[in-house]
Amino acid sequence: MPEGPAPAPVTQRLRVRYAKRGRLRFTSHRDISRAVERAVRRAGIPVAFSGGFTPHPKISYAGAAATGVASEAEYLEIGLTETRDPARVQADLDAALPPGLDILDVVPAGPGRGGDAQARPAAFAERLEASEWRIRLDGVAQDAAAAAVAAFLAAGSIEVERLTKKGRRRFDVRAAVSACELDRRAAEAADAPCAILRMVVRHSTPAVRPDDILTGLRQVADLAPPSPPLVTRLAQGPLDAATGGLADPLDPDRETGLPSGDEAGTAGGATPRPGDPASADAVSA
């Protein structure tokens, strides 16, 4: 065991929603995590560290979007050794990050299962049941896209093949899509002829990605965009089976409004400020 004092305990956990916009969509998750760690140090945020020979900041990520995909709904959780005003952390962290990585919301994490601080990250990840995606297909006629969507939704199952860490796997992409439609209004307002699809996709194993669904559209309707699609994640969170929409995964934390950490209940906290995410139309260009 390494010698020296034990690391300071976590007294507050903050859950952060951030956006990945513009050219920053091509940044890898590893580079984003490094940028966040540098920004935390630059902003003077009292982040907690793990113990052992190689301490790491207690920052965890949930449901990160793939490289090349823009997003308005990325999430991370950070453990602090001192209680901080979430609104101040939001402002300081946003100012320390490069343009294109934008902090949209910061909320104190609510109590975990049985008050167990170690259970909180997993519990939050369980809230992310589905994602809403916006896919811009430049050079695709709206009528052709509408016909492809209709054929896709009418299919009982659509199997595609993809190379995964466990080798090549075949899986049904149709079962993961709970909603898919053509956004004609957004396409008509775009700066070039295109079709824009919006869809809600359940999180599954293996994960069904937007490019898998485009493969399925090509299979059932021969829809082949002449240029790479522009993909933006608009939201992720609990799936409402009745409406088909997504709820805000931070709402349960806002309802408690309490600080939490290894010493939950011993520190005071500030009332969190609801986020005001920017228009998703601005991130797909």
Side-chain angles (χ1 to χ4, degrees), residues 17-29 32 63-75 98-102 104 128 130-155 158 160 162 173-174 176-204 207-237 239 244-246 275-285:
R17 177 184 179 187
Y18 67 96
K20 185 173 63 163
R21 296 168 170 160
R23 291 188 298 175
L24 267 294
R25 68 181 182 271
F26 298 111
T27 306
S28 70
H29 177 64
I32 287 176
T67 303
V69 173
S71 178
E72 291 292 306
E74 300 298 285
Y75 292 94
L101 285 180
D102 303 314
L104 305 180
L128 305 181
S131 289
E132 181 181 358
W133 298 96
R134 180 181 187 269
I135 303 178
R136 172 169 164 163
L137 306 173
D138 285 316
V140 173
Q142 294 193 52
D143 289 344
V149 168
F152 183 94
L153 295 177
I158 303 173
V160 303
R162 189 180 77 225
V173 297
R174 176 63 187 90
V177 178
S178 65
C180 183
E181 64 181 6
L182 181 68
D183 191 338
R184 292 185 179 273
R185 180 177 298 179
E188 290 168 358
D191 55 359
C194 65
I196 295 178
L197 306 181
R198 291 179 71 127
M199 59 187 69
V200 175
V201 182
R202 298 181 186 88
H203 295 174
S204 58
V208 173
R209 306 183 308 202
D211 56 316
D212 297 322
I213 297 170
L214 292 176
T215 300
L217 288 168
R218 185 167 60 248
Q219 287 184 193
V220 299
D222 198 27
L223 184 70
S227 59
L230 294 172
V231 181
T232 302
R233 173 150 58 190
L234 303 179
Q236 58 176 327
L239 179 62
L246 299 181
D276 184 16
S279 171
D281 292 340
V283 303
S284 59

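Positions are given from 1 along the sequence.
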Taking D183 first and then R134, would you say they form a salt bridge - that is, a charged N and a carboxylate O separated by under 4.0 Å? no

Would you say the side chain of L197 lies within less than 4.5 Å of the side chain of L217, judging by non-hydrogen atoms? yes

Is any side-chain heavy atom of R198 less than 4.5 Å from a side-chain heavy atom of L234? yes

The single option from R21, K20, R17 passing side-chain hydrogen bond (donor to acceptor under 3.5 Å, both in side chains) against E72: R21

For a 4.5 angstrom cut-off between non-hydrogen side-chain atoms, does V69 reach P210? no

Nearest heavy-atom approach of V140 to P226 is CG2-CD, 4.1 Å

What distance separates D211 CG from R218 CZ, expressed to the nearest 0.5 Å? 9.5 Å

Write down the atom of A146, the atom of L182, and the distance for their closest heavy-atom approach. CB-CD2, 3.9 Å

Minimal heavy-atom distance between V208 and A176, with the atoms involved, is CG2-CB, 3.7 Å

Gap separating the CD atom of E132 from the OG1 atom of T232, nearest 0.5 angstrom: 11.0 Å

Got a donor-acceptor contact below 3.5 angstrom from the Q236 side chain to the A73 backbone? yes

List the steps and the verdict of side chain to side chain contact (heavy atoms under 4.5 Å, CB included) for L214 and L137. CA-CA 10 Å; L214 292 176; L137 306 173; 4.1 Å; yes

A side-chain contact here means heavy atoms from C-beta on lying under 4.5 Å apart; do V177 and I213 qualify? yes

With a 4.0 Å cut-off on N to O distance, would you call D143 and R184 a salt bridge? yes

Assess whether a salt bridge exists between D138 and R136, defined as any Lys/Arg side-chain N lying under 4.0 Å from an Asp/Glu carboxylate O. yes

Working to the nearest 0.5 angstrom, can you tell me the gap between L246 CG and S178 OG? 7.5 Å

Looking at CD1 of I135 and CE of M199, how far apart are the two atoms once the value is rounded to the nearest 0.5 Å? 3.5 Å

Heavy-atom distance under 4.5 Å between the side chains of I32 and Y18, does that happen here? yes

For the residue pair L230 and R25, establish whether any side-chain heavy-atom pair is separated by less than 4.5 Å. yes

Closest non-hydrogen atoms of T67 and H29, given as atom of the first, atom of the second and distance, are OG1-N, 4.3 Å

Taking all atoms of both residues into account, what is the closest heavy-atom pair of V200 and A130, and its distance? CG1-CB, 4.2 Å

Minimum heavy-atom distance between A195 and A145, given as atom pair plus value: CB-CB, 3.6 Å

For R233 and S131, test the side chains for any donor-to-acceptor distance below 3.5 angstrom and give the result as yes or no. yes

